[in-house]
Each structure stands twice: as C-alpha cells, then as structure tokens.
Amino acid sequence: MGASPRRRPMLVEGAILDIEGARPAYVQFRAGRIVATGAIGTDGTRGRGTRIRGIVIPSPVNSHTHLGDAVSVREPPSMPVRQLVAAPRGYKFRLLAESSESAKRQAIRAALDRMTREGVAAVIDFREEGRAGVDLFRAASRGVALETFLFGRPVARPIDPGELARVLVASDGIGLSSARDESEETRRTIARACRRAGKRYALHASEAVREPPERYLDPRPDLVVHLAKATHDDLVAVREARVSVVVCPRSNALFGRQPNLAAMERVGLAMMLGTDNAMFHAPSIWRELEFAYVGTRLRHRPVSAAYLARAAFVEPWKWLGRAEAARIAPGSPARPLVLRLPPDDPAYQVVTRVAEHLIVRLRPPAPDPGGGRR
Ligand SMILES: [Zn+2]
C-alpha cells in the first residue's frame with residue numbers, strides 16, 4: 001500500500017458538539033484518529049495537511065428499531081396501530097410470518113448498511129420471533145461496521161423458562177410489547193431473568209393510550225419506549241425511577257400522536273431517539289432528528305436542538321455504560337463523525353441539516369487492541 005493522503009494530518013476547524021456541549025474548536029486527525037483538539041488558531045499543523053470547516057460529533061446511536069420489519073416498505077393499511085403491530089396475528093406479524101428467512105435477513109442487512117453509511121455507530125433493536133428471530137438478526141449483522149444491541153422476545157405464554165433462557169443467552173436483553181399486553185407475572189419473570197443474566201429489560205409504554213407509570217415502572221425496566229401519552233406527572237415518575245426513555249416521533253406522528261419532548265426536556269428525562277418500525281420509516285437518525293425538532297414547533301411546544309442532539313449521540317452512550325464514547329478528545333473511544341456544516345450554532349446545524357453527503361469519510365482507525373466488537 002502506498003502513502004495515503006489521509007496519513008497527512010487532517011484539520012477540522014469549526015466546532016465540537018459532544019457530552020460537554022458545543023464549543024468552537026479545531027480537531028486534528030491522523031489515520032482516522034483524533035490526535036489533538038484545542039482553540040481555533042492554536043493547532044500545530046503549520047498549514048500541512050487537509051483543512052476542513054465543519055463540526056465534529058460522536059457517532060450517533062439509533063436507540064430503537066425493529067429492523068426485521070424492513071421486509072415490507074408499503075404504506076401501512078389504514079387501521080389502528082394496535083391492529084397493525086399486535087402479536088401474534090396483526091398485520092406486521094403476518095408479514096413477518098409470511099416472509100422468507102432470506103428476505104428478512106437481506107432486509108435487516110440493507111437497513112444496517114444504510115445506517116453505517118449515515119454514520120451511525122450502534123443500534124438497539126427489538127427482535128420478535130423468539131430465539132429464531134435473534135439468530136436471524138445475528139446472521140444478518142455478521143461483519144457489519146456498527147455495533148448491534150439486540151433485545152429478543154420469547155414467544156410462549158405463559159413464559160417457558162427454557163425458551164426464555166435460550167432467547168436471553170443469545171441477546172442483550174428482552175424487549176416487550178407493553179405492560180398492558182403482558183401479565184404482571186410475565187413481566188416479573190422476565191425482569192428477574194434479565195437481572196440474573198446481567199442483561200437488560202425494556203418495554204414500550206404509553207404509546208396509543210396512557211398507562212399508569214406504576215404498571216410499566218414495576219418491575220423497574222432499564223428502558224421504556226414512546227411515552228407519547230404520558231402526563232407531566234408520569235414523566236416525573238419515570239425520572240424519579242431513573243429510567244431512560246426512547247422516543248420515536250415519526251413513528252408516533254404516522255398515527256397522529258406526538259410525545260411531548262419539551263416537557264421531557266423540562267423534567268430532565270434521559271431521552272434517546274429511535275426510528276422504530278422499519279416497515280413504516282427509513283432507519284435514518286438524521287431524518288428523525290429533523291422531524292423531532294420541527295414537529296414540536298407545530299404544537300408550539302419547541303424542544304431545544306441541544307437536547308435532541310444529546311438524545312442522538314450522548315445519552316445512548318451513557319445508557320450503554322460508555323459515556324467516554326460521547327467525548328471528542330485525543331485517546332477517546334468515540335468514533336468521531338466529521339460533518340461539512342457551518343460551525344455556527346452547531347446543535348441547530350446537526351439537528352436540522354445532516355445528510356449523507358455531508359459526512360467526511362475518515363480512514364477507518366486501526367483495530368483497537370483492547371476492544372472487540374460485539
Ligand atoms: Zn418499538
């Protein structure tokens with residue numbers, strides 16, 4: 001291999017937006033890694049290498065998907081969302097059952113490849129269809145350049161301990177439909193098994209109708225998805241329980257709903273962002289960000305761009321126990337993303353304007369001797 005132009009230093013002058021917030025800065029790269037950051041004009045490159053004006057952020061995480069759904073991309077038939085996605089006989093589950101393994105595998109792979117091209121570093125997926133569904137996702141994601149965190153779901157009710165153990169051993173946790181779709185006994189059995197296995201327990205909550213928080217917060221989950229119908233007091237209860245929430249504003253909007261992101265920000269919830277069912281929406285975190293931001297303006301309940309940016313690339317890394325991956329600094333485990341965007345008002349730029357062609361392709365860093373990919 002000859003000398004690559006990327007071996008020369010690359011200097012991004014503009015802004016950093018990360019776990020510490022936004023600030024004017026330069027970031028110097030060599031071979032895809034950050035070697036220096038500092039105040040603009042103080043870099044030591046003396047004009048050598050490539051110079052770019054832009055914004056550097058940690059790579060985002062798509063914190064809630066159902067990528068198996070990507071086998072169908074048609075406009076959803078008009079029926080209540082519950083009938084669309086209800087297990088085991090709703091529209092979505094019939095589609096999953098009627099689709100071949102290879103069609104589902106290819107659809108998941110295509111969705112993961114799209115996310116990779118869009119700079120996403122990790123995805124948290126809910127996979128239905130029991131252990132077979134988990135195995136199918138693992139096969140589809142083999143060798144992809146993003147990390148996958150997979151929440152499986154046992155099929156048998158009442159819970160078959162053998163099946164639950166088989167799903168858990170192959171997944172990162174269990175993701176349930178909702179508290180109102182499952183008995184208290186099922187939820188307790190699953191939460192207990194997740195704790196014991198050192199895995200995580202998550203569920204959808206207050207999506208189409210309000211559910212009382214005591215029902216979805218006990219047993220305590222690691223994550224709740226939606227809260228589109230939660231009241232202010234419900235949000236306070238979630239915060240007090242120290243439970244993180246994933247919101248999916250496009251998915252909710254398709255069925256006429258909107259989570260109150262401004263209230264979540266005021267209450268101080270740890271909020272993450274996901275694109276939900278891949279049958280209804282492309283798994284693009286950038287589209288989700290823009291819609292989340294603009295959507296709140298329609299109801300005159302604006303959320304801040306800074307809070308949304310954190311939901312895409314700070315809170316998920318904290319939730320995964322890897323806050324350092326949300327820090328742009330030399331030696332940080334972050335996978336930095338360089339965006340060719342004006343560095344004025346970085347959070348607003350990132351939340352409203354990112355598209356694939358604005359992402360600067362860095363040389364992939366050499367493998368980290370300490371860390372393997374999951
Ligand atoms: Zn979901």
Side-chain angles (χ1 to χ4, degrees), residues 61-73 76 79-88 90-96 104 107-108 111-112 115 120 122-130 133-134 137 148-155 167 171-182 187 190 200-211 216 221-230 238 243-259 261 264 271-285 287-288 291-292 311-312 315-316 319:
V61 176
N62 190 337
S63 296
H64 185 65
T65 60
H66 301 258
L67 295 184
D69 295 13
V71 277
S72 166
V73 289
M79 58 171 81
V81 67
R82 247 177 105 64
Q83 286 176 32
L84 276 174
V85 301
Y91 172 77
K92 156 179 167 151
F93 285 87
R94 281 197 321 258
L95 273 173
L96 285 174
K104 283 185 274 196
I108 292 170
L112 291 169
M115 283 193 263
V120 170
V123 59
I124 301 171
D125 190 83
F126 276 27
R127 191 69 260 274
E128 296 89 356
E129 305 185 295
V134 170
F137 188 99
T148 55
F149 297 91
L150 192 55
F151 283 70
R153 189 181 301 174
V155 177
V167 173
S171 61
D172 299 293
I174 301 291
L176 289 181
S177 161
S178 71
R180 65 192 191 121
D181 290 340
E182 302 283 4
R187 287 182 281 122
I190 285 177
R200 299 188 191 213
Y201 160 59
L203 77 172
H204 300 85
S206 287
E207 180 183 7
V209 296
R210 176 181 173 266
E211 295 170 79
Y216 54 82
D222 296 290
L223 194 65
V224 292
V225 182
H226 291 313
L227 299 189
K229 294 289 181 182
V238 172
V243 171
S244 297
V245 56
V246 187
V247 294
C248 310
R250 288 186 303 163
S251 174
N252 294 151
L254 195 63
F255 304 102
R257 293 187 272 273
Q258 187 181 39
L261 306 185
M264 292 181 187
M271 188 182 86
M272 294 146 60
L273 198 64
T275 59
D276 210 9
N277 304 90
M279 65 202 302
F280 301 144
H281 295 282
S284 168
I285 200 74
R287 285 185 172 208
E288 199 69 45
F291 180 84
E315 293 301 335
W319 186 79

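Read the numbers this way: they start at 1 and go in the same order the structure lists the ligands and their atoms.
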Expected output: side-chain Arg257 to main-chain Glu207 donor-acceptor under 3.5 Å: yes
Check: Ala205 main-chain N/O paired with His226 side-chain donor or acceptor under 3.5 Å: no
Distance filter under 2.8 Å, centred on the Zn ion (ligand 1) - protein N, O or S atoms that pass it: His64 NE2, His66 NE2, His204 NE2, Asp276 OD1
Closest contact, heavy atoms only, Arg200 versus Asp222: CA-OD2, 3.3 Å
Asn252 versus Ala228, closest heavy-atom pair with distance: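 Heavy atoms only, the tightest pair is OD1-CB, 3.8 Å.
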Ring geometry between His204 and His66 (parallel below 30°, tilted from 30 to 60°, perpendicular above 60°):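 His66 and His204: parallel rings.
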For Lys92, all residues meeting salt bridge (Lys or Arg N to Asp or Glu O under 4.0 Å), sequence neighbours excluded: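 Testing Lys92 for salt bridge (Lys or Arg N to Asp or Glu O under 4.0 Å), a comparison that skips the adjacent residues, returns Asp69, Glu128.
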